[in-house]
Amino acid sequence: MRHGHGLRKLNRTSSHRLAMLRNMTVSMLRHEEIRTTLPKAKELRRVVEPMITLGKKASLANRRLAFDRLRDRDIVEKLFDDLGPRYAKRNGGYLRILKAGFRNGDNAAMALVTLMDRSEEATEPKPEEKKKKGEAKPAPKSEEKKAAKVA
């Protein structure tokens with residue numbers, strides 16, 4: 001009988017696991033949505049939700065704890081200025097984990113991890129991304145081509 005059940009090792013060393021979860025936490029807080037494997041998503045929840053709870057009380061000690069765990073000043077600022085007040089009335093359950101099929105290469109179960117009550121600006125792609133996605137320049141009209149040949 002295993003009493004504590006511990007954590008998921010994810011087939012990594014402890015330092016690799018810590019660094020991976022730190023990077024995933026920063027990405028989660030920056031983009032408010034990431035796609036990863038299901039076991040990683042479930043383990044990520046154990047890291048991100050206490051961070052958001054920490055961000056609800058903006059004290060210097062909490063900011064230092066958050067920076068110690070995240071190592072990214074911009075994300076710590078977002079955590080205390082945006083996310084903490086957004087979830088002030090919520091008692092937990094800040095993440096939503098949705099199963100998202102299986103990965104093509106190795107058939108691993110995938111999950112979409114999103115923050116609850118996401119902001120509108122986080123859901124829409126930025127204007128630079130819209131241009132990158134394939135808006136081609138319109139082809140010159142045939143009249144313009146004729147005018148170019150004549151000149």
Side-chain angles (χ1 to χ4, degrees), residues 1-140:
M1 181 188 313
R2 288 201 58 218
H3 292 284
H5 290 292
L7 52 93
R8 293 172 182 85
K9 293 185 179 177
L10 302 172
N11 202 23
R12 286 162 171 79
T13 62
S14 59
S15 59
H16 184 184
R17 190 170 51 248
L18 178 68
M20 180 191 67
L21 289 172
R22 176 179 287 160
N23 289 334
M24 288 176 68
T25 301
V26 168
S27 295
M28 182 71 213
L29 295 176
R30 177 173 290 132
H31 302 292
E32 300 187 8
E33 176 181 275
I34 60 172
R35 183 181 159 99
T36 184
T37 62
L38 190 60
K40 285 182 194 172
K42 289 180 178 180
E43 197 61 29
L44 179 66
R45 180 175 39 196
R46 295 179 60 178
V47 178
V48 174
E49 292 199 354
M51 293 304 300
I52 294 175
T53 303
L54 197 66
K56 289 163 83 172
K57 186 175 180 207
S59 66
L60 181 60
N62 283 351
R63 283 183 183 268
R64 286 179 174 170
L65 274 172
F67 182 74
D68 182 54
R69 294 180 188 163
L70 297 177
R71 307 305 293 175
D72 190 324
R73 288 184 199 277
D74 297 332
I75 297 303
V76 171
E77 186 176 315
K78 180 179 180 179
L79 180 65
F80 284 93
D81 296 343
D82 297 339
L83 300 178
R86 187 191 308 173
Y87 296 111
K89 292 187 170 76
R90 186 180 276 270
N91 291 328
Y94 311 113
L95 295 184
R96 174 185 292 140
I97 298 176
L98 300 171
K99 293 183 180 177
F102 299 94
R103 189 161 49 197
N104 284 339
D106 58 357
N107 209 28
M110 297 299 287
L112 186 67
V113 186
T114 62
L115 286 177
M116 300 290 287
D117 306 327
R118 291 177 58 200
S119 64
E120 303 305 322
E121 59 195 34
T123 57
E124 297 175 6
K126 296 177 184 173
E128 305 88 42
E129 294 175 9
K130 287 181 182 177
K131 291 179 184 176
K132 291 179 184 177
K133 287 189 177 180
E135 287 185 7
K137 294 180 183 177

| message | Rounded to the nearest 0.5 Å, what separates atom CZ in Arg8 from atom NZ in Lys42? | response | 6.0 Å

| query | Can any side-chain N or O of Tyr87 pair as donor or acceptor with the backbone N or O of Gly55 at less than 3.5 Å? | reply | no

| request: Could you tell me the separation between the CG atom of Asp117 and the CZ atom of Arg86, rounded to the nearest 0.5 Å? | output: 8.0 Å

| said: Salt bridge check, Asp81 against Arg63: does any charged N sit closer than 4.0 Å to a carboxylate O? | reply: yes

| field | Matching residue for Leu21 among Leu7, Val26, Val47 - test: side chain to side chain contact (heavy atoms under 4.5 Å, CB included) | value | Val47

| Taking atom CG of Asn91 as the centre, does the number of heavy atoms from other residues, nucleotides or ligands within less than 6.0 Å exceed 12? | no

| Do Glu32 and Lys78 come within less than 4.5 Å of each other through their side chains, counting heavy atoms only? | yes

| message | To the closest 0.5 Å, what do you measure between CG (Leu29) and CG (Asp74)? | response | 12.0 Å

| Looking only at heavy atoms, what is the nearest atom pair of Ala41 and Ile97, with distance? | O-CD1, 3.5 Å

| Beyond-backbone contact of Arg30 with Asp72, side-chain heavy atoms, under 4.5 angstrom | yes

| message | If the condition is side-chain contact (heavy atoms from CB on, under 4.5 Å), which residues does Asn11 pass it with, not counting sequence neighbours? | response | none

| field | CA sep, side-chain torsions, deciding dist, call: Arg90, Glu49, salt bridge (charged side-chain N to carboxylate O under 4.0 Å, His left out) | value | CA-CA 11 Å; Arg90 186 180 276 270; Glu49 292 199 354; over 6 Å; no

| message | My understanding is that only residues two or more places apart in sequence, or in another chain, count here; which of them pass side-chain contact (heavy atoms from CB on, under 4.5 Å) with Arg12? | response | Leu10, His16, Arg17, Met20, Lys40

| side-chain contact (heavy atoms from CB on, under 4.5 Å) assessment of Val113 paired with Val48 | CA-CA 11 Å; Val113 186; Val48 174; over 6 Å; no

| Flag side-chain contact, heavy atom, 4.5 Å: Leu115 against Met28 | yes

| task | Could you tell me which non-hydrogen atom of Phe80 sits nearest to which non-hydrogen atom of Ala58, and how far apart they are? | result | CD2-CA, 3.7 Å

| said: So Asn62 and Leu65, do their side chains get closer than 4.5 Å, heavy atoms only? | reply: yes

| remark: To the nearest 0.5 Å, atom OG1 of Thr37 lies from atom CE of Met110 at 6.5 Å

| query | Do side-chain atoms of Arg22 reach the backbone of Arg69 as a donor and acceptor pair under 3.5 angstrom? | reply | yes

| task | Apply salt bridge (Lys or Arg N to Asp or Glu O under 4.0 Å) to Arg46 and list each qualifying residue two or more places apart in sequence or on a separate chain. | result | Glu43

| Interatomic spacing from CG in Leu95 to CD1 in Ile52 - rounded to 0.5 Å | 5.5 Å

| said: Measuring from atom NZ of Lys56 to atom NZ of Lys89, what distance do you get when rounded to the nearest 0.5 angstrom? | reply: 11.0 Å

